[in-house]
Every structure is written in C-alpha cells, then in structure tokens.
Amino acid sequence: DSSTIGEGPKTFNPFTSTDATSSTMADIMYDGLFTSNPMTGEVTPKLAKSVEIRGNSYKIRLRKGIKWSDGQPITADDVIFTWRDIIFAGLGNTSTRDAMMISGELPKLRKIDDYTVEFTIKQQFAPFLRMLSAPIAPKHYFAKDKDWQKNFDRFLATNTDPKTIVTSGAYRLREYIPAQRGVFVKNPDYYMINKDGKKLPYIDKLVYLIVGDINNQILKFEANELDEISLKGGDVARYKAKENKSNYVIYNLGADNGTMFIAINLNDRKNKQTGKYYVSPKKQRWFSDVNFRRAIDYAIDRKSMVQNIANGMATPLYTAESPNGIYYNENLKGHPRDINKAKSLLKESGFNR
C-alpha cells in the first residue's frame, strides 16, 4: 500500500489531468510511444519498437501484437488519433501541444501503414522524442460517442465504472472509493518483460490510500496501513531513533529528484472577465527587474534552511536541477547569503526601504 496527499484524483483521463495524483494514476494505465531511462536519461521505446530519424523526419514503428485491455490491437490509427485529434486539436490540458509548437508550427503526421507513423517537424528540436512519451489513447474507446469532443473534459471521470475502462499500461483500475483509496491490479497482458523473459510488472496490486495531509500519512504508516512512505528530512532523526525496535527499515536513497524553490510571477496579462491585471503593474516592474530577483537570491540563507528545516538531510541548491539529476552541473557552487550584496543590488535599481 502507498498513499497520496490531498483529496484524491480529479479524473482518470491522462489528457485532462492537471494535478499530480490524477496524472500518477492515469500514467500507470496508459503507455506512450517512448519513455526515459531513469538511470541514464536515454530515450527508450515503449509502445514503439523503433524510430528512424532522417533530417526532420521521425519514422516510428509500433510493436506488433500488443493489445488494449479489451483485446483490440494498438495501431497507428490510435497514434494519429491521439496526436492529431486530441493533443494538437487542443483538447484537455494543452501543455503538451504548447511544448510541441516548434518555431510556430506543430509537427505534421502521416500514417504509412497499420504499424508505422511519421512525424515531420519544422526544424531540429532536441526534446522531440521525449515529448512522444505522452500517453496514447484507444481511438475506439475515446471516440465511441458522436459527441466525444464536446464531452472530452468529463470523459473518464472518477465515477467511471473501472470494468469499462480500456487501457494499455502496466496496471488496471479495479476500484476507486472517493477520498479513501484507489486499487490497481497488474495487467496480465502487459507486453514488457525483464531480461530473463519474465512478464512485468512484478507487483500484483497497488493500493493508493488518500490520506489528506502529511500528518495523516504518518499516522497511517505507524498504524501499519501503509507499506512505505517518503520521509521529510526533519522526520528522519525521530524514525531513526526507533528503527531498531520497529518493523520498518529506513533507506537513504540519496538526493531527491525534486527541489524546493521560489517562483516569481512575471504574468503581465489582464483577466478577460474582470479587466484587472493578474499581477499589479507596480509588482510587474519589481519582478521584471533582474537586480530585484538577484537580491532575493542573495537574501536566501540556504545553509540555515538545510540545518533548521531538514535537520541536515538536504543540500543547498543553486540551479533548477536536483543533484540527483543526470544534467546537474556540479560546477555551479553558488554563493553564501549576503545581505549587503542584496541591499546594493536593490539600491542599484532604485529600491529603498
């Protein structure tokens, strides 16, 4: 048993999800053409068997013989439908479409045969294959109703009967009880195997308890209702002291792949309904000033935060990439807190107390 913080999923539709819990549950039910190897960062095929790249053309061959959970074959028609009629058409969450807008143009698609599709992009775009990790939808299921596009945002709502959901991923939904739990069982027809030829996944059942907040999560773990939790740095010492007399083991997996950061709102647009700016013009001037942002950077006491908040179980960070990331730049050592430097930067741009 695992857990999720918050109120639970808002949808099981991977194309309309805008929250982490919904995306986590949808992602284990729907595979994409490619995925990223978590150890090396290399792009590896998933529903795709191979890719042939010639200039700006990507010819992708699908695995033959793989099926949707209702027995229908996964074909090029599903790929074309997903990218042309859902993502590029702007249905659901448009973030993938926006990221695929290369020099002002979306990729062109062409079906070559039942198991081969071709994407052509305007110019070379390094993340392109990674973007093809987006899930593929079963056309015969998503577009089974005449008005499927109008009803798309409500499709695969959390009250959908799990038995009717057509999927391709490692797990299928067996049960969902709002604000309590989601139960997933492994897909017996999943196409992936390990190097010894054993069918994946290894785990037969996943249970996500919906715990509300971190305090509830800890209480459920201590009551043996959860098999695992991720500890915050500030909680490690408490659990370490009781480990020898407990039924749990603490594993230090190294740096997390997440980061704690401040985001500054640079939005200079108006709300169309109210006519008011999302961020006041005065604050827009502050936030767009590079010295203002640099002053914030110099005012942050990263080392004290590591010691006082995380009990030393963290690392000061001076880049957007976690030290656990394969693209982390170890040469970016950053700088200590310097209030005088922060004040001089603010003064340089005309800010006064």
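Keep in mind it's a predicted model, so treat the numbers as computed, not measured.
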### Query
Does atom CD1 of I203 have more than 12 heavy-atom neighbours, drawn from other residues, nucleotides or ligands, at distances under 6.0 Å?
no
Ion pair check, [X] and [Y], cut-off under 4.0 Å:
X    : Y    : value
D204 : K186 : yes
K46  : D31  : yes
R172 : D189 : yes

### Task
May I ask you to check whether D113 and T116 show a side-chain donor-acceptor distance below 3.5 Å?
yes
#### Entry: Sequence-distant partners of D268, side-chain hydrogen bond (donor to acceptor under 3.5 Å, both in side chains), two or more places apart
none
### Message
Tell me every residue that passes side-chain hydrogen bond (donor to acceptor under 3.5 Å, both in side chains) with Y327, counting only those two or more places apart in sequence or in another chain.
### Response
R130
### Query
By salt bridge (charged side-chain N to carboxylate O under 4.0 Å, His left out), which residues pair with E105, not counting sequence neighbours?
K108, K122
Of [options], which is the lone residue that meets ring-ring contact (aromatic ring centres under 6.0 Å, His included) with [X]?
X    : options         : result
Y58  : F128, F34, W83  : F128
F12  : F155, Y176, Y30 : Y176
W148 : F81, Y141, F142 : F81

### Task
Would you sort out whether I28 and L206 count as a side-chain contact (heavy atoms from CB on, under 4.5 Å), showing the intermediate values?
CA-CA 10 Å; I28 63 175; L206 296 176; 4.1 Å; yes
### Task
Check which hydrophobic residues are tied to L253 through side-chain heavy-atom contacts below 4.5 Å, counting indirect links as well, and list them.
V249, Y251
### Message
Does the plane of the ring in F292 sit parallel, tilted or perpendicular to the ring in F351? Use 30° and 60° as the thresholds.
### Response
tilted
### Message
Checking Y239 now: which residues fulfil ring pair (Phe, Tyr, Trp, His ring centres under 6.0 Å) with it, not counting sequence neighbours?
### Response
Y248
### Query
Residues two or more places apart in sequence or in another chain: which of them pass ring pair (Phe, Tyr, Trp, His ring centres under 6.0 Å) with F125?
none
### Query
Looking at the rings of Y171 and Y190, which for Trp means the six-membered one, are their centres under 6.0 Å apart?
no
